[in-house]
Amino acid sequence: MIRTRFAPSPTGYLHIGGVRTALFNWLLAKQSGGQFILRIDDTDAGRNVAEALQPILEGFKWLGIDWDEGPEVGGPSEPYYQSQRIEGHKAAVAKLLESGHAYRDYALPEELKAEREAAEKRGERFFYDRRWMAETDEQASVYEAEGRQATIRLKMPREGDCVIEDLVRGTVTVAWETEQDHVIARTDGSPLYHLASVIDDHDFGITHVVRAEEHLPNTPRQIFILESLGYPRPKYAHLPYVAEPGGTAKLSKRKLSKYLKNKDFSNLLDHGARIADRCKITTDADTFNPVIVDFYREIGFTADALLNYLLLLGWSLDGEREKFTVEEMKELFTLDRVTKAPASFDPQKLMAFQADHFATLPTGDRLQAVAPFAIAAGLVESSDDPTLATVVAAAGDRLKVAGDIIDFGYCFHDEFEYESKAFEKRIRKPEQATELLAGFRDVVQSADSFDAADAETLLKSFCESKEIKIGQIIHAVRVAVTGTAAGFGMFETLAILGKERVVQRIEKTLQKAADA
RNA sequence: GGCCCCUUCGUCUAGCGGUCUAGGACACCGCCCUUUCACGGCGGCGACACGGGUUCGAGUCCCGUAGGGGUCACCA
């Protein structure tokens, strides 16, 4: 039975790289009927955990990554908050101390700092020489008489190799003597991450530790802890990290301004910002960012599209097939197909996946996805609005994300801007444009009925009567009634607007043309 | 700097010694379709980091070099 876990810190946001790691863990567990566990690593944060955790849980729920044990759902190994498991961690520290795998260290922070700086000055790396180690109570009381307090350090082996069998990297060998005596408990007795993580993984019965490769250098000391305690080793799989757009360094939330220099990345953010602005989504500058999952949810991405893209960031089935449903991911995912090199985040390819997923969604689903955005943007009152359904169907794959409905605001209300370039080219510049528009307006005015087929017949016979080609007027009509040079089928557009609006808008356009 | 990891088109990747004049996808560029835009169709551009081995034969195995990256907290 496979049991995996993802252990976020309650930071208030869910990082795209973290989602990828969680996804792989989830797929690995779920495909074999195993469990995926969510553990909250809050040993440091302490305060406001609930608030900072919520966005993370919301993110997972939106993505459909459900957890078998963890916050909200509980489970047999409760609690799932690391801060509430401290007693167990402390007991482990005591055992380690007792068995001689750890020691009390009375070094003062400033002494360590001086040592470190001295080593750096000599051009060497700092390596703690156990100078303030107390192995006996006598030694300890001497130090304590000086007013010193002990941290607990691991007494790492100084010979032999640590051999890690990694499911994606193969065998990794590290000489024990290069490993520092890591601190596992602070002077106040509170246990640190590496210790806590190992204990919790063991207590939860985690069989596969699947995490990003930045944890690979930590693995020897974790192995030392668990073997000193007599725990079995889980299987390890260190995933390559997700790299920044157009680069090879690890993707980080903090480097937003750097990524903005990447055209594709800033285009994606702009695209989202436009939607957020029109839909009056209150965006948190801190999380409205393509590195954070909230961003995608807020502008109307499809969760499965994001998962599909993330799946391919470091994994492939055969190099040919790229589209997978979540069910297929569960069925086909294997750790041995995970790549070793970091994969850089490509906003364009992500958008391509999104556009494709959204286009293949049944119309009803698309309507349901779009409706909240249309309502928020003030285009319709409710999701039952018949025009909305018509527009969504007519727009087809021009809607890449649900929020793109804002681009068709002219279908719903009369306030729209003319694109100045389009106005110049299609209305102002062509000699006969205004004259033809006026003529077409009159024809529409006197029409009996005005569905898409009527509009087509009307326009075509108008062209015949004027002995012009349809191309000589249709662009002007489009700009006149929508303000834009691009959009879906002209006749459908005319029908959606209706006779009255078409006449009014042509009138308004003619005035504008005459004014300037 | 020490330790560790990584290295095929711009990007994501296929490739597990011969079928590789290196395949697919995104992006880009043409052409076609077309009332615009988008979609779609067809085509094009475009990569094995370098140097040594091993082998009849290396993108594929070994060694080295270079480059990139991660990590070195009383953070997680």
Side-chain angles (χ1 to χ4, degrees), chain A residues 7-11 41-45 82 105 107 109 112 116 119-120 123-127 149-153 164 166 168-169 172-175 177-180 182-194 196-197 212-220 238 240-241 243 245-250 264 309 312-323 337 339-353 355-356 359 395-400 407 422 426 456 459-460 463 469-475 477-479 482 484-491 493:
Chain A
S9 291
T11 52
D41 281 9
D42 58 349
T43 52
D44 199 41
Q82 209 162 48
D105 184 66
L112 250 19
R116 185 170 282 125
E120 275 166 20
E124 294 166 12
R125 81 150 176 154
F126 170 70
F127 195 88
Q149 287 181 301
T151 58
I152 310 301
R153 280 185 191 270
I164 304 162
D166 189 281
V168 344
R169 271 152 226 287
V172 177
T173 306
V174 184
E177 60 177 354
T178 61
E179 292 290 308
Q180 291 273 10
H182 194 256
V183 176
I184 54 174
R186 300 183 179 91
T187 48
D188 67 2
S190 59
L192 264 3
Y193 169 75
H194 291 294
S197 181
E213 65 174 307
E214 59 255 34
H215 287 284
L216 189 51
N218 301 329
T219 308
H238 287 93
Y241 56 84
T248 50
K250 193 170 74 168
D264 300 330
Y309 172 70
L312 272 322
L313 218 48
W315 181 85
S316 73
L317 179 68
D318 54 13
E320 300 283 325
R321 181 157 167 208
E322 295 205 312
K323 284 194 68 178
R337 300 284 312 173
T339 55
K340 294 188 177 79
S344 100
F345 173 70
D346 182 352
Q348 280 194 110
K349 187 144 185 171
L350 203 207
M351 193 48 98
F353 271 92
D356 188 67
D397 51 38
R398 290 169 188 82
L399 297 173
K400 291 192 193 308
D407 290 337
R426 298 303 188 188
E456 182 166 4
L459 187 63
K460 283 187 172 161
C463 288
K469 285 182 180 171
I470 198 166
Q472 287 174 262
I473 180 173
I474 200 163
H475 304 294
V477 172
R478 183 183 292 281
V479 175
T482 70
T484 172
F488 49 78
M490 192 67 256
F491 306 120
T493 306

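Below, chain A is the first sequence line, B the second, and so on; all start at residue 1. Worth saying up front: this structure is predicted, and the values here are computed from it rather than measured.
Put simply, Arg169(A) has no side-chain N or O that comes within less than 4.0 Å of OP1 or OP2 on C4(B). Side-chain nitrogen and oxygen atoms of Ser344(A) include none within less than 4.0 Å of the OP1 or OP2 phosphate oxygen of U11(B). Contact check, Thr187(A) against C74(B): no side-chain N or O comes under 4.0 Å of OP1 or OP2. Between Arg337(A) and G15(B) there is a side-chain polar atom (N or O) within less than 4.0 angstrom of OP1 or OP2. Within the 4.0 Å cut-off from OP1 or OP2 of A73(B), at least one side-chain nitrogen or oxygen of Arg116(A) is found. Between Lys250(A) and U71(B) there is a side-chain polar atom (N or O) within less than 4.0 angstrom of OP1 or OP2. The side chain of Thr178(A) places no N or O atom within less than 4.0 Å of a non-bridging phosphate oxygen (OP1 or OP2) of G2(B).
Within the 4.0 angstrom heavy-atom criterion, only backbone atoms of the sugar-phosphate kind lie near Thr248(A); the bases stay farther away. Residue contacts for Gly314(A): at a heavy-atom cut-off of 4.0 Å it reaches the sugar-phosphate backbone alone, with no base atom in range. Nucleic acid contact for Gly471(A): none, since no nucleic acid atom lies under 4.0 Å from a heavy atom of the residue.
For the P atoms, the distance linking A66(B) with C28(B) amounts to 38 Å, nearest Å.
Following rounding to the nearest Å, Phe488(A) (CZ) and G40(B) (P) show an atom-to-atom distance of 19 Å. The CG atom of Leu313(A) sits 8 Å away from the P atom of C12(B) (whole-angstrom rounding).
Toward the 5' end of RNA chain B, the nearer of the two residues Phe345(A) and Ser9(A), judged by each one's closest nucleotide, is Phe345(A).
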